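Some notes on the structure that comes next.
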Amino acid sequence: MPELPEVETVRRGLEQNLLGWKIQSATQLHLRALNPRSEAPLHAIAGTKILELRRRGKFLWFVLDREYALVAHLGMSGQFLINPDHDKHTRALFTVSRGFKREALHFNDQRTFGWVSVETLHDGIPTSAMPIALDPFEPKFDQEAVITNIKGRHVKIKTAILNQNIVSGIGNIYADESLWLAKIHPESTASALSRTEIKRVLDCAADVMSKAIDVGGTSFDELYINVNGESGYFDISLNAYGQEGEPCPRCGTQIRRIAFANRSSHFCPRCQKPKVTSK
DNA sequence: GGAAATGTTTACCG
DNA sequence: CCGGTAAACATTTC
């Protein structure tokens, strides 16, 4: 469940189910399941208690009653499942307990781009998330600074908002949805946009992701589900992403799909006119 | 068989 | 060194 709203959905699910629980065992089952930059083997967190579940952008971590935190990035297909009825693609396995209760927490990941790691915290942030920018929902998110940063770049606006070092949490779905809502063409040059337009994109991103969180994120299939296996419902609210050929909900013009960085961009050719400068 | 899929890292270039 | 771009990573499905 990969973008900010899906990661937040997982964070809430873990929080509701496992806060205060003890991690009895932590086992790595796949070579790539542990981030190479992990500061300790996975079993180093055995015996710890889960105090807090935190998130920045797409990074998720368990605060424990020990020096180390359990950090996770879901990549393209990672998921946390509590007592699933299958072992499909389980890359790491945790046994958790509270009193006499005992449950299995699976980290599953079909495409193995996701990972877990054991890391120290620095001012509350794990080492691997240090270079990651704040996401739009953090109280200290400095929108003015982000606008200035984006305005100074000679890249497509979509590239800028996907850059996790500028603003974190936005992925391909919510980038397309944010730009559609803001009426900005994904290939517009960032520096060619006004501060007002860039602000609109950021405001729309927060708006879209907030609404997605409210309904449990976007689930197209079984790959993107909550810790209890439930799907999110935001897919029915998508206006641009995956809507090629469908009428734009605003003006009726057919949504167009174009290639973008080994993937796709979806936009309304009438509502979203490109604003481009060569250099 | 080719293309595409909700992500990040790395090498490479000017 | 910097900013920017493109390929690579792995697996599955259409």
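Because only heavy atoms are used, hydrogens play no part in the values below, and waters and symmetry mates are left out as well, while side chains stay in. Per chain, numbering begins at 1; letters A, B, ... match sequence-line order. Note that this is a predicted model, so its numbers are computed, not measured.
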Does [X] reach the side chain of [Y], with side-chain heavy atoms less than 4.5 Å apart?
X: A:Leu74; Y: A:Asp109; value: no
X: A:Asp203; Y: A:Leu181; value: no
X: A:Ile161; Y: A:Val201; value: yes
X: A:Thr48; Y: A:Lys22; value: no

**Report entry** Distance below 4.0 Å between A:Ser264 side-chain N/O and B:dA4 OP1 or OP2
**Finding:**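 Answer no for this pair, as no side-chain N or O of A:Ser264 is under 4.0 Å from OP1 or OP2.
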
Report task. Ignoring backbone atoms, establish whether A:Arg153 has a side-chain N or O less than 4.0 Å from OP1 or OP2 of C:dG3. Result ->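 Indeed not, no polar side-chain atom of A:Arg153 lies that close.
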
Query raised in the report: Can you give the dot-bracket line for DNA chain C, where a pair is Watson-Crick or G-U wobble with both atom distances under 3.5 Å, crossing pairs use [ ], and | marks a partner on another strand?
Result: .||||||||.||||

Gap between atoms [atom1] and [atom2], on [X] and [N] respectively (whole Å):
X: A:Met76; N: B:dA4; atom1: CE; atom2: P; value: 13 Å
X: A:Glu3; N: B:dT8; atom1: CD; atom2: C1'; value: 13 Å
X: A:Lys156; N: C:dA6; atom1: NZ; atom2: P; value: 7 Å
X: A:Asn149; N: C:dG3; atom1: CG; atom2: C1'; value: 12 Å

Query raised in the report: Looking at DNA chain B, which of residues 159-172 of chain A put a heavy atom within less than 4.0 Å of it?
Result: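 A:Gln164, A:Gly171, A:Asn172, in order of number.
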
Query raised in the report: Can you name the side chain to side chain donor-acceptor pair (under 3.5 Å) partners of A:Glu39, sequence neighbours left out?
Result: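 Side chain to side chain donor-acceptor pair (under 3.5 Å) check on A:Glu39 returns A:Thr120, A:Thr127.
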
Requested in this report: Mark up nucleotides 9-14 of chain C, 5' to 3', with B wherever a protein heavy atom is under 4.0 angstrom from a base atom, S wherever such an atom reaches only the sugar-phosphate, and - elsewhere.
Outcome: BBBS--

Query - Presence of salt bridge, A:Asp176 and A:Lys158, under 4.0 angstrom - result: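 Answer for the salt bridge query: yes.
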
Report task. Please identify each residue that fulfils side-chain contact (heavy atoms from CB on, under 4.5 Å) with A:His73, with sequence neighbours left out. Result ->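 Residues passing side-chain contact (heavy atoms from CB on, under 4.5 Å) with A:His73: A:Lys58, A:Phe59, A:Trp115.
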
Query raised in the report: Counting side-chain heavy atoms from C-beta on, which of B:dT9, B:dT8, C:dG4 comes nearest to A:Arg37?
Result: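 When the side chain of A:Arg37 is considered, B:dT9 is the closest of B:dT9, B:dT8, C:dG4.
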
Report task. Could you work out which one of B:dA5, C:dG4, B:dT8 sits closest to the side chain of A:His73? Result ->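 For A:His73, the side-chain atoms sit closest to B:dT8.
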
Query raised in the report: Parallel, tilted or perpendicular: which fits the ring planes of A:Tyr174 and A:Phe234, with parallel below 30° and perpendicular above 60°?
Result: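 Because their plane-to-plane angle lies in the 30° to 60° range, the rings of A:Tyr174 and A:Phe234 count as tilted.
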
Query raised in the report: Under 6.0 Å between the ring centres of A:His106 and A:Phe80?
Result: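 For A:His106 and A:Phe80, the ring centres are not under 6.0 Å apart.
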
Requested in this report: Given salt bridge (Lys or Arg N to Asp or Glu O under 4.0 Å), test A:Glu119 with A:Arg37 step by step and report yes or no.
Outcome: CA-CA 9 Å; A:Glu119 302 179 26; A:Arg37 284 175 298 196; over 6 Å; no

Query raised in the report: Among pairs that include at least one residue of residues 187-215 of chain A, which meet ring pair (Phe, Tyr, Trp, His ring centres under 6.0 Å), considering only residues two or more places apart or in two chains?
Result: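 Matches after skipping sequence neighbours: none remain.
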
Query raised in the report: Roughly how far apart, to the nearest Å, are C:dA10 and B:dA11 at atom P?
Result: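 Pairwise P distance, C:dA10 against B:dA11, rounds to 15 Å.
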
